Structure formats: structure tokens, C-alpha cells
Engineer: 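The structure under discussion is supplied below as C-alpha cells; questions concerning it will follow.
Note that the structure is predicted; figures quoted are calculated from it, not measured. All residue numbers in this chain count up from 1 along the given sequence.
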Amino acid sequence: MESIDQLIENNARWAERVRETDPEFFTRLAQQQTPKYFWIGCSDSRVPANQITGLPPGEVFVHRNVANVVQETDFNVLAALQYAVDVLKVSNVIVCGHYGCGGVQAALENFRHGIIDNWLAPIRALTRAHKDELAALEDAAKLDRLCELNVLSQARHVARTTIVEDAWLRGQELAIHSWIYQLDQGILTPLRDPITCAEGIEK
Ligand code: CO
């Protein structure tokens, strides 16, 4: 395991390497960020937004929480979403979940994990809403399917926030993407066409 000092050393070497290839990189970035993408993903350490999409610093605004949940009562995600849409004027919001998500797994389990069970309430509600479909699946397939259903559901939540509704009403172009990441392949897959207007949410 790396010691904490190693991280500071890694950072110094990384900054040096970036400056070698692009001497103005940091001064340019320090002046302004103009990302086109807002990423809402899982906190899981194996799903880092920039790395898996090949984007350098400055290109993606990021919000992550356990199991990529979007609740209309969560000021954290709403504040980030509003900044991304109203100020940064991103044209794409990406809700990205991943197969094998521990948070989604916890929502399937019938025992107490702690505070997290309250956080996962929207996913537990999803398991009830899709009870029959999920009951027909083996354990691994059940988890995978619930991971997909969760992404689809959270992307719809994004589309129904007042922030996104207002953006569409004033004619701002904004696409909400529903993606899932496969940990053992490193591959991202869209689960449906992007949502680009209120009428498109249920399509
Ligand atoms: Co996860």
C-alpha cells in the first residue's frame, strides 16, 4: 500500500509531466473551467469519471455519492446540478452507475447496514416496484438488473428537477444520459437514448 507521503510525491511528478507537454496548462485552467459534461456517478473508487472517459482536468464537472442517487431533497446534488446547468451551461448530464454496485446490493439485502439504508430508500422502493421482474432472476442477474433500473430511474429524476425543466423551457440544449459501467471490462454502455426534452422522459 502507498503511504500518504507517496501521494504528494506522485502529485509533484504528475504536475511536472503535464507542464512538460503543455507549459500553459495550469495557468490556462486556473483562469476558467468550461466543462461540457456534468457527471453524476457512484463514489466507488473503481469508477473515476475523468479516467474512464479519457477526459483531462477541466472537462467534466463531477458529483458522486453512494449508488449515484438523485433525490429531489438532496441539496448537495441539486446545488451541483444547478451550477452545472445554469452557470457552466453544460450540454450533457451523465448519470453513470456500474454493475456490481455495493450500494445497490445493500438495497437488495434484508438486513440493517446503518444510515445507508435511509440513503438507499429510493433504490429499495425500486426493488418493490420491480418485484416480479427481479424475482424471476438469479442473484447476480438480479443485482445487474437493479443497477440498470437505478441508473434509468435516477436519470429520470434529473430530468424532472425544476433546474432541468426550466432549462428546457428557456430553450437550453441539455441531454440527460443513462450509462452503466462494467467493472471487469472497463466498458461504458448507454442504457437508453438520451433524454432531451420533458416529453422524452418516459420514451
Ligand atoms: Co457503486
Side-chain angles (χ1 to χ4, degrees), residues 29-30 32-107 113-126 146-168 172-183 186-192 194-196 198 200-201:
L29 209 57
Q32 202 183 3
Q33 63 161 344
T34 50
K36 295 186 191 71
Y37 311 100
F38 178 40
W39 176 278
I40 301 174
C42 183
S43 297
D44 194 302
S45 64
R46 299 165 294 179
V47 196
N50 285 77
Q51 260 171 297
I52 66 176
T53 54
L55 292 173
E59 301 288 317
V60 56
F61 194 62
V62 173
H63 174 87
R64 290 166 71 179
N65 63 49
V66 173
N68 41 274
V69 172
V70 179
Q71 283 188 276
E72 298 84 344
T73 49
D74 175 13
F75 282 96
N76 190 348
V77 70
L78 292 182
L81 178 65
Q82 176 159 49
Y83 189 74
V85 172
D86 292 356
V87 182
L88 296 173
K89 304 225 182 295
V90 300
S91 38
N92 297 277
V93 178
I94 300 158
V95 177
C96 184
H98 63 101
Y99 292 118
C101 182
V104 175
Q105 172 72 48
H113 304 82
I115 295 293
I116 192 77
D117 294 323
N118 299 288
W119 175 249
L120 297 172
I123 310 182
R124 293 162 71 200
L126 265 183
L146 189 55
C147 289
E148 294 176 351
L149 290 169
N150 181 44
V151 170
L152 293 164
S153 170
Q154 305 310 333
R156 287 195 298 267
H157 288 171
V158 171
R160 292 202 182 95
T161 58
T162 54
I163 300 157
V164 170
E165 280 183 351
D166 291 349
W168 282 332
Q172 191 173 331
E173 271 186 36
L174 188 60
I176 320 289
H177 304 269
S178 309
W179 292 359
I180 196 144
Y181 180 72
Q182 206 174 336
L183 293 172
I187 296 298
L188 282 168
T189 308
L191 290 170
R192 57 164 291 174
I195 307 169
T196 55
I201 295 175

Engineer: In the structure I gave you, are the side-chain heavy atoms of His157 and Gln71 within less than 4.5 Å of one another anywhere?
Structural biologist: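 His157 vs Gln71: side chains apart.
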Engineer: Which atom names give the shortest non-hydrogen contact between Asp44 and His98, and what distance separates them?
Structural biologist: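 Shortest heavy-atom contact: OD2-CE1, 3.3 Å.
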Engineer: Using the side chain to side chain contact (heavy atoms under 4.5 Å, CB included) rule, take Cys42 and Asn68 through it: C-alpha gap first, then chi angles, then the decisive distance, then the call.
Structural biologist: CA-CA 5 Å; Cys42 183; Asn68 41 274; 3.5 Å; yes
Engineer: Just verifying a value: how many Å separate Asn150 CG and Ile123 CD1, rounded to the nearest 0.5 Å?
Structural biologist: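 So the CG of Asn150 and the CD1 of Ile123 are separated by 4.0 Å.
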Engineer: If I compare all heavy atoms of Gly100 with all of Arg46, which pair ends up nearest, and what's the gap?
Structural biologist: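 Minimum heavy-atom contact is O-NH2, 4.2 Å.
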Engineer: Can you see which heavy atom on Gly103 is nearest to which on Val66, and at what distance?
Structural biologist: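 Residues Gly103 and Val66, closest heavy atoms: CA-CG1, 4.0 Å.
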Engineer: Mind listing the closest non-hydrogen atom pair of Val60 and Pro35 along with its distance?
Structural biologist: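 What the structure gives for the nearest pair is N-CB, 3.7 Å.
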Engineer: Looking at CG of Leu78 and CD of Glu72, how far apart are the two atoms once the value is rounded to the nearest 0.5 Å?
Structural biologist: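 Separation between the atoms: 7.5 Å.
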Engineer: Please report the closest heavy-atom contact between Cys96 and Val151, naming both atoms and the distance.
Structural biologist: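 Shortest heavy-atom contact: C-CG2, 4.5 Å.
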Engineer: If I take atom OG1 from residue Thr34 and atom CG from residue Leu29, how far apart are they, to the nearest 0.5 angstrom?
Structural biologist: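 Thr34 atom OG1 to Leu29 atom CG measures 8.5 Å (nearest 0.5 Å).
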Engineer: Let me see the working for Asn65 and Trp119 under side chain to side chain contact (heavy atoms under 4.5 Å, CB included), right down to the final yes or no.
Structural biologist: CA-CA 10 Å; Asn65 63 49; Trp119 175 249; 3.4 Å; yes
Engineer: Nearest 0.5 Å, what's the CD-CG distance between Gln32 and Leu88?
Structural biologist: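 Rounded to the nearest 0.5 Å, the CD-CG separation comes to 9.5 Å.
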Engineer: Pair Trp39, Ile94 - check side chain to side chain contact (heavy atoms under 4.5 Å, CB included), show working.
Structural biologist: CA-CA 5 Å; Trp39 176 278; Ile94 300 158; 3.9 Å; yes
Engineer: Where do Ala159 and Trp168 come nearest, in terms of heavy atoms and distance?
Structural biologist: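 Ala159 and Trp168 have their closest heavy atoms at O-CZ3, 3.7 Å.
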Engineer: So does Ala49 get a backbone contact from the side chain of Thr53, meaning a donor-acceptor N/O pair under 3.5 Å?
Structural biologist: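 Checked: pair present.
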Engineer: Angle between ring planes, Tyr83 versus Phe61, binned at 30° and 60°: parallel, tilted or perpendicular?
Structural biologist: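 Tilted, since the angle between the ring planes falls between 30° and 60°.
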Engineer: Under a 3.5 Å distance rule, please check whether His63 uses its side chain to pair with a backbone N or O of Ala80 as donor and acceptor.
Structural biologist: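 The answer is no, because no donor-acceptor pair under 3.5 Å joins these two groups.
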Engineer: Is the side chain of Asp166 donor-acceptor paired with the backbone N or O of Ile163 at a distance under 3.5 Å, no angle test?
Structural biologist: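 Answer holds: no.
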Engineer: Atom NE2 in His177, atom CG in Asn92: separation rounded to 0.5 Å?
Structural biologist: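 One finds 3.5 Å between NE2 of His177 and CG of Asn92.
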Engineer: Is the count of non-hydrogen atoms from other residues, nucleotides or ligands lying under 6.0 Å from Lys36 atom NZ greater than 12?
Structural biologist: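 Incorrect, the count does not exceed 12.
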Engineer: Can you tell which of Val85, Val95, Ile201, Ile195 makes a side chain to side chain contact (heavy atoms under 4.5 Å, CB included) with Val158?
Structural biologist: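 Among Val85, Val95, Ile201, Ile195, the one that satisfies the side chain to side chain contact (heavy atoms under 4.5 Å, CB included) with Val158 is Val95.
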Engineer: Decide side chain to side chain contact (heavy atoms under 4.5 Å, CB included) for Ile40 and Gln154; before the verdict, give the C-alpha distance in whole Å, the side-chain angles of both, and the deciding distance to 0.1 Å.
Structural biologist: CA-CA 9 Å; Ile40 301 174; Gln154 305 310 333; over 6 Å; no
Engineer: Should we say atom CD of Glu173 is surrounded by more than 12 heavy atoms from elsewhere, each under 6.0 Å from it?
Structural biologist: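 Incorrect, the count does not exceed 12.
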Engineer: Would you say Arg124's side chain and Asp117's backbone share a donor-acceptor pair under 3.5 angstrom?
Structural biologist: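 Yes, Arg124 side chain to Asp117 backbone: donor-acceptor pair under 3.5 Å.
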